[in-house]
Each structure stands twice: as structure tokens, then as C-alpha cells.
Amino acid sequence: METRKKKSPILLKDMARQHLSGNYKTMVLAYFITVLIMGIPLQLLQSLLNLNSAGGSAIYMIAYIILSLLAAVFVLGQNHLYLNITRGRIFQLSDMWYGFRNHADTAILASLIIALKTLAAGIPFIISLCVVLATRNYYIAPLAGVTCSVFLIFTVYFQLTYSQVLFLMLDFPEESATELLAHSARLMKGNRLRLFYLQVSFWGLILLGGMSLYIGLFWVMPYRNMTMTEFYEDICSYRRHSDRRFS
């Protein structure tokens, strides 16, 4: 049987640009709407609340957590829109609301589980930092540094391992949140460093987009998101080719 090679980052980006050609207006508008809906509430709270007070900070933190979980529903809809384009299906801007009509609870639950796993990995760092601040014994500060490094490693690991959950949810809607997490972990086996490199390759463009008063991000982020969609399609195709039992 002929061995199928994984597509290079350069090829994935080229395919993303081809699929975006003629469709950029829809993708930019979808991203713009998402940024407005997610960003305006926090901006309003920052202007209305006294963030220096315990009450104001608590309200803002609760709102931030709720919006962070809600972001998964938006990402699910965005992924639906991008997949429709890459697979040559009919698509429209309203596809971005797919997550609110389908599996919103699963998307939120999966994101919550990932957040809790990440938080659990950060407990040693939080404890060591509290000890340093409480005792002012800075000789044990290196311990906080080590635990912080471990926390960051686990954070990146979880982000890469479960990065495909909101794509898999579209292809495997019958799976539960925990099943989707396990599915993503299997799919990402051997692909974590590849995805990490692909994500890092966009850092320069994202920085430039931010330096242009964030206006450039409305072109950079759809390009990045489409490339990540191409990555998902590639690893699924590779897995199906190497293991016919993958479904």
C-alpha cells in the first residue's frame, strides 16, 4: 500500500489561501462579529466596574469565565463555516451560529474539562507562589519558577492534545465531551509538534496585525483559522489512510 505523506505547513497555508480566495469577505465579517460580541461586554464591564474592589473584580472574573466558555460555541460555528468551504459545500455567514443551534452544551462541557485539567496542573505553581509571597522567603523562589515552567508545559500540551475537539464535534456529533477529548488525543498522537510549529509560524503575522491597531488581524486570523482547518483535514485523511478502522 502506498504511504501517504503529511502535508507540509507551506502546503497547508497555500491550500488555505486558495480556499479563502473569493471568500475572504465572509470570513472577515464572521470574525468581526465574533470579536464584537465577545469583546464589548468585557469593555463595558471595565468601564462600569471598579476593578480595584473585591466585588468589581469578582463580577469581572465571573463574566470573563462565562465568555471564555461561550467562546467554544463561537469556535464550533466558525469551524463549521471553514469546513464547509474546504469541503466544497454551500456556505453562508449564518453558518457561524451553528454552535448555538447544535451541541452548545457539549462544546462548553469539553472546554470546561480542558480548563479544569489545566487549572489542576497549575496547583503546584499557585501553592509555591503563595508560600513565597506569604513567607517572603525568596530562597525558595526558584521552586515557583520550576513549577511555573511545568504549568506552562502542561498548558501547551493540553492545548495541542485537545485542539481538534471542536472540529471532531462536527464529524462525530454522537460522541460525548469525554469521548471527543479522547478522540482528539488519539488523532493528535504524533502531530503535536507539527501543530505547535504551525501555530508558531503565525506569531509574526499576528504581531504585525496587532501593531496595525488590530485591523490587520481581521485578515490574519481567518487565514490562520483556515490553515488550522486544513491541518484537521490533513490529519484525518492521513489517519484514515493508515488505519482503515478510523471513523
### Message
A side-chain contact here means heavy atoms from C-beta on lying under 4.5 Å apart; do Leu116 and Leu112 qualify?
### Response
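Side-chain contact under 4.5 Å: yes.
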### Side-chain touch Asp95/Gln92, heavy atoms, less than 4.5 angstrom
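Sidechains of Gln92 and Asp95: in contact.
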Please report the closest heavy-atom contact between [X] and [Y], naming both atoms and the distance.
{"X": "Ala71", "Y": "Met38", "result": "CB-CE, 3.7 Å"}
{"X": "Leu180", "Y": "Phe172", "result": "CD2-O, 4.0 Å"}
{"X": "Pro222", "Y": "Tyr24", "result": "CB-CE2, 4.0 Å"}
{"X": "Leu166", "Y": "Ala72", "result": "CD1-O, 3.7 Å"}

### Task
Decide side chain to side chain contact (heavy atoms under 4.5 Å, CB included) for Gln199 and Arg224; before the verdict, give the C-alpha distance in whole Å, the side-chain angles of both, and the deciding distance to 0.1 Å.
CA-CA 8 Å; Gln199 291 177 340; Arg224 177 191 178 279; 4.1 Å; yes
### Message
Would Asp234 and Met15 count as a side chain to side chain contact (heavy atoms under 4.5 Å, CB included) here? Give the steps.
### Response
CA-CA 11 Å; Asp234 183 51; Met15 293 172 63; over 6 Å; no
[X] (side chain) donor-acceptor with [Y] (main chain) under 3.5 angstrom:
{"X": "Ser184", "Y": "Gln164", "value": "yes"}
{"X": "Ser163", "Y": "Leu160", "value": "yes"}
{"X": "Asn84", "Y": "Phe91", "value": "no"}
{"X": "His183", "Y": "Glu179", "value": "no"}
{"X": "Arg194", "Y": "Phe231", "value": "no"}
{"X": "Thr161", "Y": "Phe158", "value": "no"}
{"X": "Asn225", "Y": "Met221", "value": "yes"}

### Query
Using 30° and 60° as the class limits, which term best fits the ring planes of Tyr232 and Phe167: parallel, tilted or perpendicular?
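Correct class here is parallel.
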### Query
Between His80 and Tyr98, how do the two ring planes meet: parallel, tilted or perpendicular, split at 30° and 60°?
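The rings of His80 and Tyr98 lie parallel, inter-plane angle below 30°.
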Are [Y] and [X] connected into the same hydrophobic cluster when the rule is that any two of I, L, V, M, F, W, Y join if their side-chain heavy atoms are below 4.5 Å apart?
{"X": "Val146", "Y": "Ile153", "result": "no"}
{"X": "Leu205", "Y": "Val200", "result": "yes"}
{"X": "Met27", "Y": "Phe32", "result": "yes"}
{"X": "Phe218", "Y": "Leu36", "result": "yes"}
{"X": "Trp97", "Y": "Leu93", "result": "yes"}

### Task
Starting from the C-alpha separation in whole Å, work towards a yes-or-no answer on side chain to side chain contact (heavy atoms under 4.5 Å, CB included) for Leu76 and Phe100.
CA-CA 9 Å; Leu76 181 61; Phe100 290 91; over 6 Å; no
### Task
Kindly determine whether Phe74 and Leu70 satisfy side chain to side chain contact (heavy atoms under 4.5 Å, CB included), including the steps that lead there.
CA-CA 7 Å; Phe74 276 103; Leu70 189 62; 4.2 Å; yes
### Task
Can you establish whether the number of heavy atoms outside Phe196 located under 6.0 Å from its atom CZ is more than 12?
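Open.
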### Query
Within a radius of less than 6.0 Å around CG of Leu48, do more than 12 heavy atoms belonging to other residues, nucleotides or ligands occur?
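Correct, the count exceeds 12.
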### Message
Could you tell me if Ser201 and Lys13 have a donor-acceptor pair between their side chains, going purely by distance under 3.5 Å?
### Response
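Note: Lys13 and Ser201 side chains meet the donor-acceptor criterion.
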### Message
Between Thr229 and Thr86, do the side chains contain a donor N or O and an acceptor N or O under 3.5 Å apart?
### Response
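No - no donor-acceptor pair under 3.5 Å links their side chains.
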### Task
Using the side chain to side chain contact (heavy atoms under 4.5 Å, CB included) rule, pick out the option among Ile33, Thr26, Leu29 that qualifies with Met96.
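Result: among Ile33, Thr26, Leu29, Ile33 is the only option passing the side chain to side chain contact (heavy atoms under 4.5 Å, CB included) with Met96.
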### Query
Are any of the side-chain nitrogens in Asp171 or Arg87 under 4.0 Å away from the carboxylate oxygens of its partner?
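Judged by the 4.0 Å cut-off on N to carboxylate O distance, Asp171 and Arg87 do form a salt bridge.
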### Message
Tell me if the centroids of the rings in Tyr223 and Phe202 come within less than 6.0 Å of each other.
### Response
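Yes; Phe202 has its ring centre under 6.0 Å from that of Tyr223.
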